[in-house]
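Reckoned from all heavy atoms, side chains included, excluding hydrogens, waters and symmetry mates.
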Amino acid sequence: MSRNNHFYSDDFDNKYDEMADAVLRKNHARLTHKANRVKDRKKDKPSRQEIVGSLTNDNDLIEDFIPTYAAALDPKHFERRWVIGSLSNAYRDKLISDVLYQVKAGKEANVYACTAGGAAPDGVEMIAAKLYRPRMFRHLRNDAAYKIGRLTHNREGKQVRRSSGVERATKKKTAFGQDLEFANWIGHEYRMQTKLYQEGGAVPRPLVHSGNTILMDFYGDKRSPASTLNDVTLDDGEAQPLFDQVIDNVRLMLAINHVHGDLSPYNILYWQGEIAIIDFPQMVDATVNPNGQKFLIRDVERIVEYFAPYGISADAQAIALDLWQQFMDGVL
């Protein structure tokens with residue numbers, strides 16, 4: 001066959017060479033990318049200190065913010081850096097002036113007693129700071145049951161479409177998705193607590209939500225925090241009014257379409273004859289979550305069980321089902 005045939009033209013040779021080079025470059029790029037991914041997977045996992053340090057940018061730390069509680073810790077202790085890093089912004093913004101002691105240590109979050117700064121609301125002397133642990137250190141169990149029907153929010157707190165990349169990342173449990181899920185868990189608590197406070201609920205007033213931190217009204221004083229109801233022996237005549245108040249707050253939650261989901265004497269504060277319900281990250285929307293009624297019954301059962309030794313005779317099932325029926329009928 002003649003070399004002048006168009007199948008063997010110089011133009012074809014040049015174009016073939018160009019195409020071959022392009023394929024080789026593409027394959028090289030693909031193999032390089034794959035090798036880098038394998039290399040990345042083989043890297044050592046970040047240390048505990050590195051993860052804790054990632055909660056805040058070193059440049060954001062306030063050099064003179066060494067609160068009383070942190071100063072008593074070993075400089076290498078992860079909690080020292082965690083407290084300072086998480087609360088530096090609140091100190092810089094003059095919402096708090098010091099961290100006095102740890103109120104509660106939990107698997108999901110710690111709570112600290114802080115003295116209020118000059119920018120705190122008038123009349124506020126103490127502030128409770130709830131610091132959620134880094135995502136990798138949380139030990140949430142069965143949290144999926146609480147999140148059914150819950151809207152996803154982005155880092156700015158705005159609702160996002162279920163079909164968006166943010167929603168897909170959350171469902172696929174990517175690093176980005178897990179980071180957002182962590183932020184959503186905290187943001188949900190702040191939004192629920194704010195709504196309940198605005199509706200007149202017996203809850204601490206939420207002040208600020210930033211990153212892994214929620215600031216709220218403090219129950220207690222500079223020496224000691226309020227006890228939880230399970231650690232209190234009530235005086236004669238206290239039990240019935242407090243029982244009624246708790247049930248009224250359960251009714252209020254349903255009136256705004258929600259169930260606490262984890263209500264018990266362990267997350268009801270008692271201070272000088274008053275109570276305050278706390279811990280709302282698991283709160284469920286009863287209009288869309290199929291577990292709403294089950295969680296409601298469990299909440300009421302725990303409350304009835306606590307007050308029974310004080311002579312409060314109540315049928316938990318009857319109370320819960322009556323509240324649920326009122327909710328379904330729209331008469332709450």
Handout entry: Residues in salt bridge (Lys or Arg N to Asp or Glu O under 4.0 Å) contact with Asp244, at least two apart in sequence or another chain
Key = none
Practice task
Can you establish whether the number of heavy atoms outside Asp236 located under 6.0 Å from its atom CG is more than 12?
Solution key: no
Fill in the blank from the handout: Between Ala120 and Ile127, the two heavy atoms sitting closest are CB-CD1, 4.1 Å
Exercise for the section: Check whether any side-chain heavy atom of Phe295 sits under 4.5 Å from a side-chain heavy atom of Asp262, and report yes or no. Expected result: no
Practice task
Side-chain contact test, heavy atoms from C-beta onward, threshold under 4.5 Å: evaluate it for Tyr266 versus Asp231 and give yes or no.
Solution key: no
Problem - Spacing of Gln198 atom CD and Ile256 atom CD1 [to the nearest 0.5 Å] - result: 9.5 Å
Problem - Heavy-atom check, side chain of Lys130 versus side chain of Ile278, under 4.5 Å - result: no
Fill in the blank from the handout: Across all chains, not counting sequence neighbours, the salt bridge (Lys or Arg N to Asp or Glu O under 4.0 Å) partners of Asp98 are none
Exercise for the section: May I ask you to check whether Glu189 and Tyr132 show a side-chain donor-acceptor distance below 3.5 Å? Expected result: yes
Practice task
Using only heavy-atom distances, determine whether the side chains of Glu79 and Gln102 contain a donor-acceptor pair under 3.5 Å.
Solution key: yes
Exercise for the section: Return yes if some donor-acceptor pair links the side-chain N/O of Asn249 with the main-chain N/O of Ala202 below 3.5 Å, else return no. Expected result: yes
Handout entry: Heavy-atom pair with the smallest gap, counting every atom of Phe65 and Ser88
Key = CD2-OG, 3.7 Å
Practice task
Determine whether Ser227 and Leu269 make a side-chain contact, defined as any pair of heavy atoms from C-beta on separated by less than 4.5 Å.
Solution key: no
Exercise for the section: Group every Ile, Leu, Val, Met, Phe, Trp and Tyr by side-chain heavy-atom contacts under 4.5 Å, then state whether Trp271 and Ile275 land in the same group. Expected result: no
Problem - Working for side chain to side chain contact (heavy atoms under 4.5 Å, CB included), residues Lys195 and His258 - result: CA-CA 11 Å; Lys195 179 66 174 176; His258 281 78; over 6 Å; no
Problem - For Tyr219 against Val203, the heavy-atom pair lying closest together - result: OH-O, 4.2 Å
Completion exercise
To the nearest 0.5 Å, atom CD of Glu301 lies from atom CD1 of Ile319 at 10.5 Å
Handout entry: Any donor-acceptor N or O pair under 3.5 Å, side chains Tyr112, Asn110
Key = yes
Handout entry: Ile66 reachable from Val99 in the ILVMFWY side-chain graph, under 4.5 Å edges
Key = yes
Completion exercise
CD1 (Ile277) and CG (Leu229) are apart, to the nearest 0.5 Å, by 10.0 Å
Practice task
Report the C-alpha distance between Asp279 and Lys104 in whole Å, list the side-chain angles of each, state the deciding distance to 0.1 Å, and finish with yes or no for salt bridge (charged side-chain N to carboxylate O under 4.0 Å, His left out).
Solution key: CA-CA 12 Å; Asp279 297 339; Lys104 174 185 176 183; 3.6 Å; yes
Problem - Donor-acceptor contact below 3.5 Å, side chain Glu238 vs main chain Asp235 - result: yes
Problem - Heavy-atom side-chain contact between Val124 and Arg205 under 4.5 Å - result: yes
Problem - Candidate pair Ile268 and Leu263, rule side chain to side chain contact (heavy atoms under 4.5 Å, CB included), full reasoning - result: CA-CA 8 Å; Ile268 300 177; Leu263 187 60; 4.1 Å; yes
Exercise for the section: Please test Val246 against Tyr306 for side chain to side chain contact (heavy atoms under 4.5 Å, CB included), starting from the C-alpha separation and ending with a verdict. Expected result: CA-CA 12 Å; Val246 174; Tyr306 169 80; over 6 Å; no
Exercise for the section: Indicate, with yes or no, if Trp82 and Val103 share a hydrophobic cluster defined by side-chain heavy-atom contacts under 4.5 Å among Ile, Leu, Val, Met, Phe, Trp and Tyr. Expected result: no
Practice task
First locate atom CH2 of Trp324, then atom CG of Asp329, and finally report the distance between them rounded to the nearest 0.5 Å.
Solution key: 12.0 Å
Problem - Ionic contact status for Lys76 with Asp74, cut-off 4.0 Å - result: no
Fill in the blank from the handout: Those residues at least two apart in sequence (or on a different chain) that pass side chain to side chain contact (heavy atoms under 4.5 Å, CB included) with Ala128 are Val111, Met216, Phe218
Completion exercise
So OH of Tyr190 and OG of Ser210: to nearest 0.5 Å the spacing works out to 10.5 Å
Practice task
Answer yes if Leu252 and Leu321 sit in the same cluster of Ile, Leu, Val, Met, Phe, Trp and Tyr residues linked by side chain heavy atoms under 4.5 Å apart, and no otherwise.
Solution key: no
Handout entry: Distance (rounded to the nearest 0.5 Å) between Gln272 CD and Asp221 CG
Key = 8.0 Å
Problem - Validation row: Phe280, Met283 side chains within 4.5 angstrom (heavy atoms) - result: yes
Handout entry: Whether Glu125 side chain and Thr115 backbone form a donor-acceptor pair below 3.5 Å
Key = no
Handout entry: Any side-chain heavy-atom pair of Pro206 and Gln193 under 4.5 Å
Key = yes
Practice task
Verify the neighbour count for atom CD of Gln326: are there more than 12 heavy atoms of other residues, nucleotides or ligands below 6.0 Å?
Solution key: yes
Exercise for the section: Check step by step if side chain to side chain contact (heavy atoms under 4.5 Å, CB included) holds for Met126 and Leu100. Expected result: CA-CA 10 Å; Met126 297 282 293; Leu100 300 182; 4.1 Å; yes
Handout entry: Sidechain-backbone polar pair: Arg133 side chain, Ala109 backbone, donor-acceptor under 3.5 Å
Key = no
Handout entry: Donor-acceptor contact below 3.5 Å, side chain Asn267 vs main chain Ser264
Key = yes
Handout entry: Expected output: side-chain Asp93 to main-chain Leu95 donor-acceptor under 3.5 Å
Key = no
Practice task
Evaluate whether atom CD of Gln240 has more than 12 neighbouring non-hydrogen atoms of other residues, nucleotides or ligands under 6.0 angstrom away.
Solution key: yes
Exercise for the section: Search all heavy atoms of Val304 against all heavy atoms of Ala316 and return the closest pair with its distance. Expected result: CG2-CB, 3.8 Å
Practice task
Using the rule that two of Ile, Leu, Val, Met, Phe, Trp, Tyr join whenever any of their side-chain heavy atoms come within less than 4.5 Å, decide whether Tyr310 and Tyr270 are in one cluster.
Solution key: yes
Exercise for the section: Would you mind reporting whether Ile186 and His209 have side-chain heavy atoms less than 4.5 Å apart? Expected result: yes
Practice task
Would you check, one step at a time, whether the test salt bridge (charged side-chain N to carboxylate O under 4.0 Å, His left out) holds for Asp299 with Lys294?
Solution key: CA-CA 9 Å; Asp299 285 354; Lys294 179 180 71 174; over 6 Å; no
Problem - Taking every non-hydrogen atom, the tightest pair across Tyr101 and Ser224 - result: OH-C, 3.0 Å
Practice task
For Leu254 and Ala286, work out which heavy atoms get closest and say how close.
Solution key: CD2-CB, 4.3 Å
